[in-house]
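Here is the structure we will look at, set down as structure tokens.
Predicted, not measured: the structure shown is a model, and the values here were computed from it. What's counted below: heavy atoms across the whole structure, side chains too, no hydrogens, waters or symmetry copies.
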Amino acid sequence: MVLNKYINNVDRLEFTVTNGCTGKCKHCSEGNLLGDKKLDGGKAVNAIKDLASVYDIKSIMTFGGEALLYPDTVCAIHEEAAKFNIPKRQLITNGCFSKNKEQIVEVAKRLDKSGVNDILLSVDCFHVEKLPLEWVYIFAKALCENYNGLFRLQPTWVNNESDNNPYNIKTKECLAYFYEFNIERNDGDSVFPSGNAVKYLSEYFDKKPLDMNFKCGDELYTTSLDNINELMIDCNGDVLACNFTIGNIMENNIIDIIKEYNPYNNPYTKSLLGNGINGLLKEAENNGIIINASDYYSPCEVCRAIIEEVKKTENHK
């Protein structure tokens, strides 16, 4: 069944469980999260049920903020995903959600029981500035003893792992703290120039001229807006195709949201599809939103800045 020619399949579904976080780290691409929103677990479960009955979902992810501030929601999502045999059921966490050892162990057991089969534990110099490694150690130990799925350490590097800068040196020391557990270590990722990272780490980023013809789908981790294969549901219920909100599960059924999606009906997505970032900038300017592209490090960052300004304008109407 094809619900929408612009969304032929949803291979991947992501949930932002909360915009609250225990870290507020200097490398965070989101900046300082407000922490005032939490995903409605019931609505999230319904979305999985409806989507899995239509699409062949291969991967589901929960993250935040810090997702395990709300373990009930995380577990409910993964239990539903397991019912529909979604193969990859992933959680990203910083491991600091409680100071209570018994609660930490209980959460580890619940994650195993709920069907989470891939946990990425963020460990690096940025998290340790805000979050004591001792807490993370307790959670890692609890997982080693009570969880049977894939479990990996997930570092974040400045530039890349081979760059011998002070941040990377400290991150390697943090990873060494967990050697006794023989936990698999993921390659990790590199700091993305956005949010807090731009504020605190700009000296490590090269600002290159932007490709003004850039369109969603041209680069890794981006998807063409007229050929969507993954969706994210934000903690306020917004359904996102790339950076663009296409509906809200608190207001409408996810299937109806997908049926009604047409990127050519939205002047911003239409401009981006037709003329790339240059077209998006011109559409923004036509609506009184002036963005200096040279202030940003990537086309995606320009796009996010424009969307934020559009939201501000709409909220003031």
Side-chain angles (χ1 to χ4, degrees), residues 1-20 29-30 33-34 36-65 67 70 73-74 76-78 80-81 84 86 88-92 215-217 221-273 280 300 303-304 306-315:
M1 180 190 303
V2 177
L3 296 178
N4 188 315
K5 65 181 180 179
Y6 304 117
I7 308 178
N8 288 320
N9 192 38
V10 178
D11 296 319
R12 182 172 174 84
L13 183 60
E14 300 180 350
F15 291 93
T16 305
V17 175
T18 178
N19 65 350
S29 62
E30 297 298 326
L33 300 175
L34 295 175
D36 59 344
K37 292 183 174 62
K38 167 189 172 295
L39 182 66
D40 184 306
K43 295 288 187 180
V45 165
N46 288 339
I48 295 171
K49 188 180 303 181
D50 291 340
L51 289 173
S53 66
V54 178
Y55 294 115
D56 181 22
I57 304 174
K58 296 180 173 62
S59 175
I60 193 165
M61 176 191 285
T62 50
F63 60 98
Y70 300 99
T73 302
V74 171
I77 288 170
H78 287 282
E80 194 66 22
F84 284 93
I86 295 173
K88 189 172 185 178
R89 303 181 294 274
Q90 190 173 61
L91 164 69
I92 298 179
K215 298 178 182 179
C216 296
Y221 306 124
T222 67
T223 302
S224 177
L225 293 167
D226 59 0
N227 188 26
I228 295 296
N229 59 14
E230 60 183 56
L231 295 171
M232 186 178 84
I233 298 181
D234 206 358
C235 52
N236 66 350
D238 281 350
V239 180
L240 303 176
C242 201
N243 286 318
F244 292 91
T245 300
I246 66 172
N248 189 292
I249 61 171
M250 302 302 295
E251 301 168 1
N252 299 104
N253 180 275
I254 187 72
I255 298 300
D256 292 334
I257 291 171
I258 288 175
K259 286 180 177 178
E260 294 172 6
Y261 174 67
N262 186 335
Y264 294 97
N265 287 341
N266 180 311
Y268 292 99
T269 50
K270 180 180 179 180
S271 298
L272 184 55
L273 281 164
L280 182 63
C300 291
C303 183
R304 279 193 288 269
I306 290 173
I307 292 170
E308 286 303 313
E309 291 303 315
V310 170
K311 288 180 179 177
K312 290 178 185 177
T313 302
E314 291 176 346
N315 289 337

**Request:** Would you mind telling me which of Glu230, Lys88, Arg12, Gln90 makes a side-chain hydrogen bond (donor to acceptor under 3.5 Å, both in side chains) with Ser59?
**Result:**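 Among Glu230, Lys88, Arg12, Gln90, the one that satisfies the side-chain hydrogen bond (donor to acceptor under 3.5 Å, both in side chains) with Ser59 is Arg12.
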How about [X] and [Y]: do any of their side-chain heavy atoms sit closer than 4.5 Å?
X	Y	answer
Leu280	Tyr268	yes
Cys216	Leu225	yes
Leu3	Tyr261	no

To the nearest 0.5 Å, how far apart are [atom1] in [X] and [atom2] in [Y]?
X	Y	atom1	atom2	value
Thr62	Ile233	OG1	CD1	12.5 Å
Ile258	Ile7	CD1	CD1	5.0 Å
Leu273	Tyr6	CG	OH	9.0 Å
Leu13	Leu231	CG	CG	6.5 Å
Asp11	Ile228	CG	CD1	11.5 Å
Phe15	Met232	CZ	CE	11.0 Å

For [Y], does its backbone N or O pair with a side-chain atom of [X] as donor and acceptor, under 3.5 Å?
X	Y	result
Asp40	Lys43	yes
Asn229	Asn9	no
Thr16	Thr18	no

**Message:** Among residues at least two apart in sequence or on other chains, which ones pass side-chain contact (heavy atoms from CB on, under 4.5 Å) with Lys38?
**Reply:**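 Counting only residues at least two positions away or on another chain, Lys38 forms a side-chain contact (heavy atoms from CB on, under 4.5 Å) with Tyr70, Thr73.
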**Message:** Using the rule given for side-chain contact (heavy atoms from CB on, under 4.5 Å), can you reason through Asn243 versus Cys303, listing the C-alpha separation, both sets of side-chain angles and the distance that settles it, and then say yes or no?
**Reply:** CA-CA 8 Å; Asn243 286 318; Cys303 183; 3.9 Å; yes
**Request:** Could you list the residues that satisfy side-chain hydrogen bond (donor to acceptor under 3.5 Å, both in side chains) with Glu260, not counting sequence neighbours?
**Result:**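 So Glu260 forms no side-chain hydrogen bond (donor to acceptor under 3.5 Å, both in side chains) with any residue.
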**Message:** So which atom in Val17 and which in Ala67 form the shortest heavy-atom distance, rounded to 0.1 Å?
**Reply:**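 Reported closest heavy-atom pair: CG1-O, 3.8 Å.
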**Asked** Any idea which heavy atoms bring Ala76 and Val45 closest together, and the distance?
**Response**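 Between these two residues, the closest heavy atoms are O-CG2, 3.7 Å.
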Output a table of donor-acceptor pairs, distance under 3.5 Å, between side-chain atoms of residues 244-253 and any protein atom two or more places apart or on a different chain; print 'none' if there are none.
unit_1, atom_1, unit_2, atom_2, d
Asn248, OD1, Met250, N, 2.7
Asn248, ND2, Asn236, O, 3.1
Asn248, ND2, Asp238, OD1, 2.8
Asn253, OD1, Ile255, N, 2.7
Asn253, ND2, Asp50, OD2, 2.9

**Request:** Please assess Thr222 against Cys300 for the test side-chain contact (heavy atoms from CB on, under 4.5 Å), listing each intermediate value before the final yes or no.
**Result:** CA-CA 9 Å; Thr222 67; Cys300 291; 4.0 Å; yes
**Prompt:** Should Asn4 and Lys259 be marked as a side-chain contact (heavy atoms from CB on, under 4.5 Å) after you check the CA-CA gap, both sets of side-chain angles, and the distance that decides it?
**Reply:** CA-CA 5 Å; Asn4 188 315; Lys259 286 180 177 178; 5.7 Å; no
**Asked** Can you check side-chain contact (heavy atoms from CB on, under 4.5 Å) on Ile254 and Ile48, steps first, answer last?
**Response** CA-CA 9 Å; Ile254 187 72; Ile48 295 171; over 6 Å; no
**Message:** Could you check whether Glu309 pairs with Lys311 (Lys NZ or Arg NE/NH1/NH2 to Asp/Glu carboxylate O, under 4.0 Å)?
**Reply:**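 Not counted as a salt bridge, because no side-chain N and carboxylate O are separated by less than 4.0 Å.
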**Asked** Are Asp226 and Tyr264 close enough that a side-chain donor and a side-chain acceptor fall under 3.5 Å?
**Response**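 Side-chain D/A pair, Asp226 to Tyr264: present.
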